[in-house]
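Structure, as structure tokens:
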Amino acid sequence: FLKTYFPNEFFIASMSMELSNQKKLSEFYEELKRLNISIIRPNINESLADFSSDGVNFYYALGAIKNVGYEAISNVVQERDKNGKFKNLSDFINRVNPKDINKLQLEGLVQAGAFDSLNSNRQSLYNSIPTMILKSKNIHENKLMNQIDLFNEQSSEETIFLKNLEDWNTDKKLTKEFETLGFYISDHPLNQYKSIFKQFNINNYEEFEKNKDILSSNVACTVLKLQEKKTQKGNSYAIIKFSDLSTVFELFIFSDIFELNRDKLVEGNSLMITLIKNYSDDDKTRRRVNVKSILLLNEVMDKAIKNITFSFKNLKEISKLKNLSYKDGKTTVKVIIEDKNKTLTFQLKNKRNINNKLINSLDLSNNVMVE
């Protein structure tokens, strides 16, 4: 009844009972998405220690983040409720008791993206945690001794303690997020590869599994968990949990395929796997799914394209092609322009160096047909 008529209340009650069980929380999260409930990811200025809702949005609990103690984060939330939202990271360090922010707790909060609203560079924050803890302790001790701290007077100057580093790339950021939450909440690693799904005839696993007429398919997925096991003969095989953009699923990887692809089958890696479906009866009720081949999606993106056709609606759009490099060119380029009710088709004289990563970076994925 609660789940049907008061879904937010149902999930608050159910997930609060499983606050430290990431496996169960992941299942609840998938159900929230399926019901199209708006989920606000962990936010130091919005979330509570426990799961909560304002009637429209569902707020993920800070206390459910790995290594973030419920009692400690409750004290941080109490400080925020009493004296207002944290203006920046320096304000956070000035106001929070150092007893409530040890190294593991801050690492969990940073990896989950809880500080993104204050500073979105997670690698800079993560590598500055020891300095942040030291500053917090100094400020707290000075307050106890009633001394003035220059850092306190310059609370907006985060550059005093933040390391100047490039942020993690999307894959690493989401892998860290997965480590501390048990699932992806801000984005899915596969979204950066969607532009090649049509080109490589990639289906989601759910479609491949349910459609009895699809006997072979490419599926894009991310490795969530790997269990390596041994046969009686001592050969290694694996049971692997994958995630695609539609569901979470498990596959059995036989010894020969597993040994060939051991270096690729790492938690957090995004892959394109070719699946084969076999039925053992005429009614197609008993089926078996085997993995035929495995490729890293990064390698697929970097692979040179043999022939490509760009389609544009007017002559101005063709300027997007000026950044295509001649160096090591292996791609034959054809261009189609539809301008003023005329269709112009021509081929570039020299081959260009083109891969799918370049197509994405130039925002050309909607203008492309790859052969």
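None of these values were measured; they are calculated from a predicted model.
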Would [X] and [Y] pass as an ion pair if we require N to O under 4.0 Å?
X	Y	result
Glu250	Lys225	no
Glu141	Lys137	no
Asp116	Arg41	yes
Glu79	Arg95	yes
Lys277	Glu209	no

Between [X] and [Y], is there a donor-acceptor pair closer than 3.5 Å when you use the side chain of the first and the backbone of the second?
X	Y	value
Gln347	Val333	no
Glu177	Ile185	yes
Ser47	Tyr60	yes
Asn269	Leu265	no
Asp100	Val76	no
Asn142	Asn138	yes
Ser14	Phe10	yes
Asn88	Asp91	yes
Thr331	Ile305	yes
Asn67	Gln105	no

Kindly list each side-chain donor-acceptor pair under 3.5 angstrom involving residues 196-205, sequence neighbours excluded, with atom names and distances?
residue : atom : partner : partner atom : Å
Asn203  : ND2  : Ser217  : OG           : 2.9
Asn204  : OD1  : Glu206  : N            : 3.3
Asn204  : OD1  : Glu207  : N            : 2.7

State, yes or no, whether a side-chain contact exists between [X] and [Y] at a heavy-atom distance under 4.5 Å.
X	Y	result
Ile273	Ser293	no
Ile253	Ile239	no
Ile101	Phe92	yes
Leu271	Phe242	yes
Phe115	Leu118	yes
Glu30	Arg34	no
Lys194	Leu190	no

Under 3.5 Å, is there a donor on one side chain and an acceptor on the other for [X] and [Y]?
X	Y	value
Ser53	Asn8	yes
Thr222	Ser243	no
Tyr59	Asn43	no
Ser325	Asn353	no
Tyr193	Asn356	no
Gln192	Asp171	yes

At what distance, to the nearest 0.5 angstrom, does [atom1] of [X] lie from [atom2] of [Y]?
X	Y	atom1	atom2	answer
Glu27	Asn21	CD	CG	8.0 Å
Glu18	Met15	CD	CE	10.0 Å
Leu295	Met272	CG	CE	5.0 Å
Asn169	Gln123	CG	CD	9.0 Å
Leu324	Leu348	CG	CG	7.5 Å
Lys330	Asn355	NZ	CG	11.0 Å

Show the nearest heavy-atom pair for residues [X] and [Y], with the distance to one decimal.
X	Y	answer
Ile133	Asn102	CD1-C, 3.8 Å
Tyr70	Gly63	CD1-CA, 4.5 Å
Ser38	Asn57	OG-OD1, 2.8 Å
Ser74	Ala49	OG-CB, 3.3 Å
Leu181	Pro42	CD2-CG, 4.4 Å
Ser216	Ile276	OG-CD1, 3.5 Å

What's the verdict on side-chain contact (heavy atoms from CB on, under 4.5 Å) for Leu251 and Leu275, showing C-alpha distance, side-chain angles and the deciding distance? CA-CA 10 Å; Leu251 292 174; Leu275 301 178; 3.8 Å; yes
State which residues pass side chain to side chain contact (heavy atoms under 4.5 Å, CB included) with Lys342; sequence neighbours excluded, sorted by chain then number. none
Give a yes or no on this: more than 12 heavy atoms of other residues, nucleotides or ligands lie within 6.0 Å of atom [atom1] of [X].
X	atom1	result
Asn164	CG	no
Lys210	NZ	no
Glu166	CD	no

Run the side-chain contact (heavy atoms from CB on, under 4.5 Å) test on Val291 and Thr274 for me, step by step, so that the C-alpha distance in whole Å, both residues' side-chain angles and the decisive distance to 0.1 Å come before the verdict. CA-CA 6 Å; Val291 178; Thr274 302; over 6 Å; no
Once you measure the plane-to-plane angle for Tyr237 and Phe252, does it fall in the parallel (<30°), tilted (30-60°) or perpendicular (>60°) bin?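 Tyr237 vs Phe252 ring planes: parallel.
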Given Phe11 and Phe58, is the side-chain contact (heavy atoms from CB on, under 4.5 Å) satisfied, shown in steps? CA-CA 9 Å; Phe11 284 106; Phe58 186 90; 3.7 Å; yes
Cation-aromatic face contact Arg352/Tyr326, 6.0 Å, 45 degrees: yes
Go through the structure and list residues passing salt bridge (Lys or Arg N to Asp or Glu O under 4.0 Å) with Lys303, not counting sequence neighbours.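 Not a single residue meets the salt bridge (Lys or Arg N to Asp or Glu O under 4.0 Å) criterion with Lys303.
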Is it the case that one hydrophobic cluster holds both Phe51 and Ile40, taking links as side-chain heavy atoms less than 4.5 Å apart, direct or via other members?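 Different clusters: Phe51 never reaches Ile40 through Ile, Leu, Val, Met, Phe, Trp or Tyr contacts under 4.5 Å.
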Same apolar cluster (I L V M F W Y, side chains within < 4.5 Å links), Val56/Ile39: no
Start with the C-alpha gap between Lys229 and Ser236, add the side-chain angles, then the distance that decides, and say whether side-chain contact (heavy atoms from CB on, under 4.5 Å) holds. CA-CA 6 Å; Lys229 297 181 179 290; Ser236 294; over 6 Å; no
